[in-house]
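Every heavy atom of this structure was used, including side-chain atoms; hydrogens, water molecules and symmetry mates were not. Below, chains carry the letters A, B, ... as their sequence lines are ordered, and counting in each starts from 1.
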There are 2 protein chains.
Amino acid sequence: MSVLNVDKFQPGLSVDCVILGFHHNELKILLLKLKDLERWALPGGFVEKEEDVDKAAVRILRERTGLKNIFLQQFHLFGNVDRNEEAYADILLEKGIVDKELYDWLDQRFVTVGYYALVEYSRVEAPTPDYFSESCEWCSLSNLPNLWLDHGRILEKAHETLKRQLNYQPIGLNLLPPRFTMPELQALYETILGKTLDRRNFQRKMMGYGILIRTGERRTGGAHKSPWLYEFDEEKYRQGLADGLNAGW
Amino acid sequence: MSVLNVDKFQPGLSVDCVILGFHHNELKILLLKLKDLERWALPGGFVEKEEDVDKAAVRILRERTGLKNIFLQQFHLFGNVDRNEEAYADILLEKGIVDKELYDWLDQRFVTVGYYALVEYSRVEAPTPDYFSESCEWCSLSNLPNLWLDHGRILEKAHETLKRQLNYQPIGLNLLPPRFTMPELQALYETILGKTLDRRNFQRKMMGYGILIRTGERRTGGAHKSPWLYEFDEEKYRQGLADGLNAGW
DNA sequence: CTTTATTGTGTCTAATTGACGCAATAAAGG
DNA sequence: CCTTTATTGCGTCAATTAGACACAATAAAG
């Protein structure tokens, strides 16, 4: 038996996760540095034969981050034939990282399901590489390394989806610490959207959604006027997720 | 070899299409009546090993409707283990519709990719059943037959997706005849959304998108004042699809 | 104690949305 | 042939929302 019991898995199907965090006013993504290749990959894995695909995504996420109960959403299946065209398995076989059985498994045509996860950066204490990778690190979205296969495209699609969902879904509960300031929330929005927003209009709009609670406290320590600390009204937040925020029509 | 050369296909992966048309002010969906079962299924099929998944969807659509170049969009992968739990293959084997080889193929665990297509009802001249079905017909969305497996859920998800996309994407080019009246377009929107809209505000909003051209002509023949005929400005329409109509933020 | 950058609140205008009035019109019916 | 009727096209008005910006309050730094 190989390091992976390939018989356990659904053939030709994989899951890749775009795991996003927010730190120092930047969007970060968790990436794996592949062994013996100058490329990075999205955390991914295979789907067990007796496992729901959604569950596989949750498992993969837990394996890399140690987190469960996080926001995870399927966004696309990438199913082009030519998406597997990189002879990485050859290198793995050469280097003795995989045996022939696993090599053959990896060599088949794969379609992959993309999920994106929003996680609180600081809660990921020890990002863990998998068998095919030598490290697992947060990378800045604005300064990406060379990505493997079509993983750049997958990331791009996740980002597009997220941007669009910002228009009708709340965001932040899974990406920010439990308490945060309005400027922090705004910075998150601005980073995702890639543009600046008017501070005052942003506050008015956010408060209008009714998903924020102003705790009585302020964030002190920084220079200048100390901003209020907010937290999400989880009940209303969930309702916003389900019903949409300003649906139009 | 079975009626299907199963070796040609990617194992465990299928495509199902929600093919929607609009006729007599109702949304119609193309469904297949399964052989020897009182259930109906979405038009679907398998993905060839050397075939892009998107291409497979296009092929399946062409096989059932004869149409190509139609609007087709992937919306979700359905990957739960329990979605295959119906012993239809047993019946097929019993009745001699499939042989043992094909039976074994069908008996594996499948995940399916959902696509929805918007087609002009009248252009589908001879809906064609596949090997597993005895007929292929338009059914009214408001009066659905008993659906096979999770196909009801798949349809529901397609409908949800469509509803949401109405908020930021134009629709109708693929669903209506080349020329149509404003009330017809409104009826389409109302049907998809499942609610009535104000006639006058609808017109104002639609014209505001700038994707409609009023031809000089009117639809005559009906009683009452004859409405103008419109057509889509395909250039602007495509741009609306790409950039979104009223993106928010 | 002044300076400085930032935050909280409010205001004003323009644009959009929602509700509805009214005249024009095409066929049907007496 | 003229009235009736349901429908279409266009317009108006108020309410709401969005965009731009002014100003006072504030916390730390100098």
With both distances under 3.5 angstrom, what nucleotide forms a Watson-Crick or G-U wobble pair with D:dA29?
C:dT2
Checking N1-N3 plus N6-O4 or O6-N4 for Watson-Crick, or N1-O2 and O6-N3 for wobble, each under 3.5 Å, the partner of D:dA18 is C:dT13
Under 4.0 Å from OP1 or OP2 of C:dT25: is there any side-chain N or O of B:S226 that close?
no
At under 4.0 Å, does any side-chain N or O of B:Q203 touch on OP1 or OP2 of D:dC10?
yes
Rounded to the nearest angstrom, tell me the gap between atom [atom1] in [X] and atom [atom2] in [N].
| X | N | atom1 | atom2 | answer |
| --- | --- | --- | --- | --- |
| A:M207 | C:dT7 | CE | P | 16 Å |
| B:Y209 | C:dT17 | OH | C1' | 11 Å |
| B:Q186 | C:dG18 | CD | C1' | 14 Å |
| A:R218 | C:dG8 | CZ | P | 7 Å |
| A:N167 | D:dA18 | CG | C1' | 14 Å |
| B:K225 | D:dT8 | NZ | P | 10 Å |
| A:H224 | D:dG30 | NE2 | P | 11 Å |
| A:F202 | D:dA20 | CZ | C1' | 17 Å |

Please determine if A:R218 forms a cation-pi arrangement with A:W228, meaning its NZ or CZ atom is less than 6.0 Å from the six-membered ring centre and no more than 45° off the ring axis.
yes
Any donor-acceptor pair, under 3.5 Å, between the side chain of A:R204 and the base of D:dG19, if you only look at N and O atoms?
yes
Please state whether the base of C:dG8 and the side chain of A:R199 form at least one donor-acceptor pair under 3.5 Å?
yes
Quick check for you: among [options], whose closest atom lies nearest to any side-chain atom of [X]?
| X | options | result |
| --- | --- | --- |
| A:K205 | C:dA19, C:dA26, D:dA18 | D:dA18 |
| A:N201 | D:dA6, D:dA20, C:dA27 | D:dA20 |
| B:T220 | C:dC12, C:dA27, D:dT5 | C:dA27 |
| B:R200 | D:dG9, D:dA6, C:dT17 | D:dG9 |

Look at all strands and tell whether B:R214 reaches a base, only sugar-phosphate, or nothing, counting heavy atoms closer than 4.0 Å.
sugar-phosphate
Touch check for A:G208, heavy atoms < 4.0 angstrom, all strands: base, sugar-phosphate only, or nothing?
nothing
Side chains of [Y] and [X]: any donor to acceptor distance under 3.5 Å?
| X | Y | result |
| --- | --- | --- |
| A:N201 | A:R204 | yes |
| A:T196 | A:E190 | no |
| A:T191 | A:E26 | no |

Does atom CG of B:D82 have more than 12 heavy-atom neighbours from other groups under 6.0 Å away?
yes
B:E160/B:R153 salt bridge by N-O under 4.0 Å criterion:
yes
Closest-nucleotide 5' rank along DNA chain C - winner of B:G221 and B:D198:
B:D198
